[in-house]
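These notes are about the structure you will find just below.
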Amino acid sequence: MMNSPSKDIKDLLEDSGSGIDLVYAENLFCNLVPDVGVDNILTVTVLDSPGDSPYPGTAVYDRPGIMVYVRGVANGYTAAYEMAADISTYLHNKHNETINSTRYISIFRVGDINWLGFDENQRPMFSINFAIQRTTTA
Amino acid sequence: MATETVIGLDQVVRSLNKEISKIDGASRAGLIKGGAMFLGKAVPEAPLVTGNLRASGFLKTSTGEVTRGNNPKWKGEVSDEMEIRHKEVLGRVEPKRASLDSFSLTLGFSAVYALSVHENPRSGKTGGVSPKGRPYKPPKGSTASAFATRGGWKFLERAIKENTKKFLDIVISSVKKGI
């Protein structure tokens, strides 16, 4: 069985090959945006989001979506944007990548990097959406 | 030298153009109907506090017709701000799309906070408290609840992705009826 797309993409981002300095449960999270205890670091959360219907047929050919949510430190707009841009550059157009035994045929960014404003603690927030096509490796 | 004379070519072209214009009109009608269906699915899924977010939903054609969201009813002290913003957004939609030759639709929500609500996975599911447990205050000047108990994030994206086939069926059906 395939993992949730968010888990695989989280693993991909954490991989040292990404060149992005993210460590799971420190500044990288999956599906639950952290709050308590991590106020002073920039955090990245990968979430499963609405996708398209799978292609019909017997083969598994799913088209899920993910959203990457970047929240900076208070008033740290530039660093948060740069993190969002680095993630976007790294993930967009990635193709034919096998992650945890699932073949990711393509990953495309949908739309631009979304500026969501500051939260109540003046932390800047960005979201980036990606459309995925994936299948089993077997 | 063999020659052939074609008679009535003008009439043939005129007839073809007439039929094509019927298809064009029918496909436009289908697109508008399909767009309204998308919006109709998205609005009830938008988080509800004052109702202003839901009221800010609109559908506008590249020919300048606002088929949904023409005269929204706003609530609370922010009514004037909502109205100004709504008109500004509707005005901004047109020039961008008017540059395209083909007919197109734009649908969305004009509320200034629509994007942040749409992209926030906690939308509609906060239980009235921040992640740190601080209770939310009601919107300024509003007697409404302080937080949404209905609806959720990705309300527009989900409506579109889950109803793409229905949209195509509406357009196809409209074109067939128009021929």
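Every chain is numbered from 1 and lettered A, B, ... according to where its sequence line falls, protein lines coming before strand lines.
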Practice problem: Please report the shortest heavy-atom distance between A/Tyr69 and B/Glu119, naming the atom on each side. | Solution: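 Residues A/Tyr69 and B/Glu119, closest heavy atoms: CD1-O, 4.4 Å.
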Quiz prompt | Heavy-atom pair with the smallest gap, counting every atom of B/Lys161 and A/Pro50 | solution =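 Shortest heavy-atom contact: NZ-O, 3.1 Å.
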Quiz item: A/Leu116 versus B/Asn120: any side-chain heavy-atom pair under 4.5 Å?
Solution: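 Sidechains of B/Asn120 and A/Leu116: no contact.
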When rounded to the nearest 0.5 angstrom, what distance separates [atom1] in [X] from [atom2] in [Y]?
X	Y	atom1	atom2	result
A/Trp115	B/Ser116	CH2	OG	10.0 Å
A/Ser53	B/Lys165	OG	NZ	10.0 Å
A/Leu47	B/Lys154	CG	NZ	8.5 Å

Quiz item: Under a 4.5 Å heavy-atom cut-off, does chain B meet the side chain of A/Asn31, its backbone, both or neither?
Solution: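 Neither; nothing under 4.5 Å.
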Exercise. Mind running side-chain contact (heavy atoms from CB on, under 4.5 Å) on B/Glu157 and A/Val110 for me, showing each step along the way?
Key: CA-CA 11 Å; B/Glu157 188 179 332; A/Val110 180; over 6 Å; no
Exercise. Can you establish whether the number of heavy atoms outside A/His95 located under 6.0 Å from its atom NE2 is more than 12?
Key: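 Atom NE2 in A/His95 is not crowded, with 12 or fewer foreign heavy atoms closer than 6.0 Å.
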Practice problem: Tell me, yes or no, whether the heavy-atom count around B/Lys33 atom NZ, taken from other residues, nucleotides or ligands under 6.0 Å, exceeds 12. | Solution: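 Open.
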In terms of hydrophobic clustering (I, L, V, M, F, W, Y; side-chain heavy atoms under 4.5 Å; direct or indirect links), are [X] and [Y] co-clustered?
X	Y	value
B/Met82	B/Leu107	yes
A/Met125	A/Leu13	no
B/Leu115	B/Val112	no
B/Leu59	B/Ile160	yes

